[in-house]
Each structure stands twice: as structure tokens, then as C-alpha cells.
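A short write-up of the structure that comes next.
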Amino acid sequence: MRTGQAATVGARPQAGGARDIAIVVAVALLARFACFLVNTRGNPAFDYLIMDSAHIDRWARALAAGEAGPAVFFRGPLYPYFLALIYQLTGGSVATAIAANHAIGAATCGLLVLLAREYFPRSVTLVAGLVAALYWPFIYFEGEVLVEPLFVALVVLSLWRLARAAASPTVARLLAAGACIGLAALARPTSLVLLAVVPFAFRAAARGAEGRSVPPRAWLRPAALVTGACLLALVPAMVHNYRGSHALVPVAWSGGLNFYIGNNPSADGRSAVIPDTRSPWMGGEDEALAIAGEQAGRTLTPAEASSFYFGRGLDYLASEPLAAAGLFGSKFYMFWEGPERSNEKYIYFFWKRYGLGRVPLPGFWLVAPLALVGGVWLWPRRRELTLLYGFTVAYMLAVVAFFVVARLRLPVVPVLILFAAWAAVELFRAARARVWKRLVPGAALFAAAFVFANAAYPRFASQRATHDVISHYTLAGAMMERNDANGAMVELARARLAFERAPSPQYAGIAQDVYFKLGTLLFERGRCKESADALGRILP
């Protein structure tokens, strides 16, 4: 095999595959064990759950206790049910749930090696697997009670099974691929964008490298089988939702609401704040239903509320097209920028303080520019790589259509790692062989992509003071839950200083709670003057 040549899809498995998978999974497990150990021993907020994590945890604990759960699913139900099983087996241990997340994350790295082997030579597959094993946002989000670890694993599994089915479209392989997509959709419905890519991928596979003409039935039947198996996997969720609302809700009703969150006059493209909620920070599903009912003039079912919010988002696009186009452009850039934007705990604060932040590990800042180089270099093979290109574009558009935060773009990262690994190996080979006609343009393209992806860091770093407010506030809540009043008071004081140094309307409501809790703790310790000062800053 000549330099840069990839294995043909569905070709004979490469030698050393099992050993490569073992190496990658072992490295992934070691990195995750180190992070888990550091977090469990030193992070007070390790098992202190907020926002989406708290919502998922409450849902899972209710299921574990034998309760029926919501009549209509607000979000994908697969992870809460999976978490409920863990809680039943472990007595409700958050630590065990996070350990399971890390195990799933390590398995995902092995699955990525299998996917890479469908398209690339061994050198690329091994590099891709090791990058995934050490990719720090993967490790970070596995340390939270969130759907991402399971969802990313199911997405990679779906892509691998689709690649195998495209290479040899037997009925069993097609049904397995569709079932995997359906399972991924039960975790998060955005994986259904794969169904839009499937016909193109099977058509490209049927045409082959020569681009020969093929009859439609050569690819329509396989695509139909995949789609049918996927929809069949969604039937239990659809039946559950129909019983609760007498309306067709394939997986969850939050889609319309999330679309409106990302497309309204006050949207910034990254904040998951429901417009018109009474809380200045965030609103919940019950409040979203109530607001929709008030504005519609009648009580709405969840399905009707989803349609209501989706309509509101479309109204914004139609009434303010220039503003909407500008917002879309901002979200497009946010999808590709290096910084990891959070809407739960502030990622960098907790990663550097309680993770492996002092160890230089690959992140989006490096993977994205290398992936852009790989995407350009691999373009001549676009027919063979239709599944990877198609999924990247479709999933990016699905995220940008709503709002962009780090964990929502995480499922596309495994594919970007494949492109990035190809580019890294090709650049290394060109440098070693001194092929300047290959190396110089590649290095220049990488430099331009690196600047493009990371130009947002200076502005992002300037927002650190506002992010510190919620971070110290979160730590204070964790310490109060552990009955560590002194530690909580220290963190509340730090949160107060951070807010007063950089006041933010987004965190104004939290600041009021900071003043109240800090004032109360100071009063309990007889520090009346300081208590009065803190309590006096609470706005009427």
C-alpha cells in the first residue's frame, strides 16, 4: 500500500486490529481512572448535580423507585433508564454511574478504531484511537451525569455498523445499523440526521470508486431497511408518549422549545435560556409549558407546546431574516471554535482544578484545524467517505439550527478525529520524506485553520470572571450539602468578588442568592457587620 492510500471499505481486516484496540482501550481506561481518582478524592462537586444533570438524576431515581416517570418524554429516555438500572444495582451511587460513563467512553475509543479500519490504514486508525483516548473533553463529560458518553458511543457504533452494511448490505447488517441509529435517537433525537445521510452513503457505495451507474433499487432498498429498523426501535417511546398525550411524539417534545431557544430576538447562540421565563438564569419544562399556554390562551399538551415554540422560532426567522442570518453565522463559527463553551458547570474551572488540566491533552483547539486539513486532503475520496462527510455536515447543521455548546458538538468529534489523524499522519510522512510540495501547503492550511478555530480564545478568556461566579457558587452549594459551612463561606465570598469584578445580567439572580447565603453564614458566626453588608446588597 503506497503512502497515503487507505484501505477500501469492507476490505480484509488489517493485521494487529485486536492489539490496537487493546492498546487504545487500555490508554483510555488509564486516563479515565486517573481523572476519576482525582475527582472522587478532591472535588466537592463531584456528585453535586445541577441543571440537566440534576434533572436526569431525579428522573432516574424516580424510575429506580418504581415510579412511572413523565407521561410524555421531555428528552431522550434511554440514559435515565440506563441510569435507573445502575442506581438499582448500586443503591443510588453517583460515583458508580460516573465510573460506568468512563467505561463507556473507553469502549467508544475501541469502536472508533473499528470505524477507522473501514476507511484508513493502520497508522491512521491507531493515531485516531489514541487521540480519542486522551481527548480531554470526552474525559471531562464522562465525569458528569449526562447523556453524552452513552450517546457518543451509540453514534460511533451506528456509523461503524452503517459502514459495514454499506460494504456488504445483508439484511442482518442493515437491520442492525438501523437499530443502532434508533437506540442513539432514544438517547438524543438529533442522531436521526443519520437517516438523511444513509441514502447518499448507500448510493455512493453502490456506485463504487469508478462512479458507475446503478439502478435506484440497489440503494433504495438498503436505505429503506435501515430506516424501518430505526423507526421500529422508536416504537416503545412513541407508544409511551401517545398514551400520555394522544399525540404523535416520536421521542421527546423538547425539540420545538430548543429550536426557539436558539432562534429568537434575545438568543446569543449558546445560552440555553428560555425567553420570558421568570427565572433570569434558566426555566424548566413545567414553566415552558405554562408560558406556552398563557401565550396561546389555553392549556397546551407537550406536543402542542413543541409545535407552538417551533412556530415562534420560524416567525423570528421570517420576520428578522438579516438578524437570523447573522445569528446563524455566529453559531456556525461557535461550532468550529476552539474554546469549550459550557451550559452546566464551567468546564475549564473544574477541569483545571479537579481534572488533569495540568497535563497537555488534545482538545477541539487542535482536532478541529487538523480535521479541516484532512477534510480538504481527503476530498478526492469523497464518494468513498460519503458517510463521514455527510454525517459531519448534517450533524453540524442540526446543532447550529438550535444552539451551540461544547457537549452538543461532542458526537461529531469522533469523525473529526478520523480526519485529523489522517492529516497528522500525512504531515508527518511529508516532513520525514521532505516532500515540500505536500508539506508546505499542508502546513499553511493547518496554520490558517488553527488561527480560524482559535481566534475566539482572547475574548473567551476575558469572560472568565463571569464564569467564575457560577463555578464558586456551585462549589459552595456542594460544600453546604456536605455540611462544610466554612468551605461554603469561602467559595461564596469568591463568587461575590467575581460578580462584583465583572457584573453579568445572566448571573444577577445567582448573585442575589450568593449575597443571601453569605450574609446568613456570616451572621451565624457573629460577623454582623459583614453580614449586613452582604445582605444589604440584595436588590428589592
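Predicted model, so just to flag it, every value in this text is computed and none were measured.
- Taking the six-membered ring where the residue is Trp, W59 and H55 present perpendicular rings, their angle passing 60° and hence far from 30°.
- Between G143 and I98, the shortest heavy-atom contact is O-CD1, 3.3 Å.
- Counting only distance, with no hydrogens or angles, the side chain of N263 and the backbone of A324 share no donor-acceptor pair below 3.5 Å.
- Residues passing the salt bridge (charged side-chain N to carboxylate O under 4.0 Å, His left out) test with R341 are E337, sequence neighbours excluded.
- Between Y316 and Y260, the ring center distance fails the sub-6.0 Å criterion.
- Between H102 and F36, the two ring planes are perpendicular [angle over 60°; tilted spans 30° to 60°].
- For the atom pair CG of L234 and NE2 of H240, the computed distance is 14.0 Å after rounding to the nearest 0.5 Å.
- Between E148 and R188 there is a salt bridge, with a side-chain nitrogen of the basic residue lying less than 4.0 Å from a carboxylate oxygen of the acidic one.
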Walk me through it: do N264 and Y309 pass the test side chain to side chain donor-acceptor pair (under 3.5 Å)?
CA-CA 10 Å; N264 68 80; Y309 281 117; over 6 Å; no
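- To the nearest 0.5 Å, atom NZ of residue K331 and atom CE of residue M396 are 12.0 Å apart.
- A 4.5 Å side-chain heavy-atom check between L126 and V113 finds every atom pair outside the cut-off.
- Counting heavy atoms from C-beta outward, L408 and F402 have side chains that stay 4.5 Å or more apart.
- The closest donor-acceptor contact from the side chain of T227 to the backbone of A224 lies at 3.5 Å or more, if one exists at all.
- Taken from CG in L146 to CE in M51, the straight-line distance is 10.0 Å, to the nearest 0.5 Å.
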Assess the residue pair S307 and L300 against the criterion (side chain to side chain contact (heavy atoms under 4.5 Å, CB included)); give the C-alpha distance rounded to whole Å, side-chain angles, the decisive distance to 0.1 Å, and a yes or no.
CA-CA 10 Å; S307 297; L300 299 180; over 6 Å; no
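- N101 places no side-chain N or O within 3.5 Å of a backbone atom of F141 that could act as its donor or acceptor partner.
- Looking only at distances, a side-chain donor or acceptor of S191 sits under 3.5 Å from a matching main-chain atom of A185.
- Considering every non-hydrogen atom in both V25 and A106, the closest pair reads CG2-O, 3.8 Å.
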Using the rule given for side chain to side chain contact (heavy atoms under 4.5 Å, CB included), can you reason through L112 versus L115, listing the C-alpha separation, both sets of side-chain angles and the distance that settles it, and then say yes or no?
CA-CA 5 Å; L112 185 61; L115 174 61; 4.2 Å; yes
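- Between the side chain of Y79 and the backbone N or O of P149 there is no donor-acceptor pair closer than 3.5 Å.
- The CG atom of L388 lies 6.0 Å from the CZ atom of F120; values are rounded to the nearest 0.5 Å.
- Proximity of a side-chain donor or acceptor of N241 to a complementary backbone N or O of L248 within less than 3.5 Å is not detected.
- Residues L370 and A423 come closest through the heavy atom pair O-CB, 3.3 Å.
- Among the candidates V415, T392, L194, the single residue satisfying the side chain to side chain contact (heavy atoms under 4.5 Å, CB included) test with L387 is L194.
- Nearest heavy-atom pair across A449 and L372 is CB-CD1, 4.0 Å.
- By the 30° and 60° cut-offs, the orientation of the rings of F259 relative to F310 is tilted.
- In this structure, D52 and R407 have side chains that are in contact, with non-hydrogen atoms separated by less than 4.5 Å.
- At distances below 3.5 Å, not a single donor-acceptor pair connects side-chain atoms of D57 with backbone N or O atoms of S53.
- Ring geometry for Y389 versus W379: interplanar angle over 60°, hence perpendicular rather than tilted (30 to 60°).
- The salt bridge (charged side-chain N to carboxylate O under 4.0 Å, His left out) search around R270 returns none, not counting sequence neighbours.
- Across A153 and L111, no two heavy atoms sit closer than the pair O-CD1, 3.8 Å.
- Listed by chain and number, the residues in a side chain to side chain contact (heavy atoms under 4.5 Å, CB included) with F328 are L397, V400 (sequence neighbours excluded).
- A salt bridge is absent between D20 and R117: the closest approach of a Lys/Arg side-chain nitrogen to an acidic carboxylate oxygen does not fall below 4.0 angstrom.
- Side chains of E142 and C35 form no contact here, defined as non-hydrogen atoms less than 4.5 Å apart.
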Derivation of the side chain to side chain contact (heavy atoms under 4.5 Å, CB included) call for W336 and L416
CA-CA 11 Å; W336 288 104; L416 296 183; 3.9 Å; yes
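- Rounded to the nearest 0.5 angstrom, F138 CZ and C109 SG are separated by 7.0 Å.
- Formation of a donor-acceptor pair under 3.5 Å by the E304 side chain with backbone atoms of T301 is found in this model.
- Aromatic ring pairs are classed by plane angle as parallel below 30°, tilted from 30° to 60° and perpendicular above 60°; the pair F73 and Y81 is perpendicular.
- Aromatic pair W136/W351: ring centres closer than 6.0 Å.
- Contact check for E384 versus E118: no side-chain heavy atoms found under the 4.5 Å cut-off.
- Y333 OH: more than 12 foreign heavy atoms inside a 6.0 Å radius.
- Taking 4.5 Å as the limit, some side-chain heavy atom of F82 sits within range of a side-chain heavy atom of I104.
- Within the 4.5 Å cutoff, the side chain of L232 has heavy atoms near those of the V235 side chain.
- Nearest heavy-atom pair, F335 versus R409, reported as atom, atom and distance to 0.1 Å: O-NH1, 3.0 Å.
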Could you walk me through whether F202 and L162 pass the side chain to side chain contact (heavy atoms under 4.5 Å, CB included) test, one step at a time?
CA-CA 9 Å; F202 279 100; L162 281 172; 4.2 Å; yes
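- A distance-only check finds a donor-acceptor pair linking the side chain of T386 to the backbone of R383 [under 3.5 Å].
- Using a 4.5 Å cut-off on side-chain heavy atoms (C-beta onward), L378 and Y119 make no contact.
- In this structure, CZ on R164 lies 14.0 Å from CG on L159, to the nearest 0.5 angstrom.
- R203 places no side-chain N or O within donor-acceptor distance of the main-chain N or O of P199, the cut-off being under 3.5 Å.
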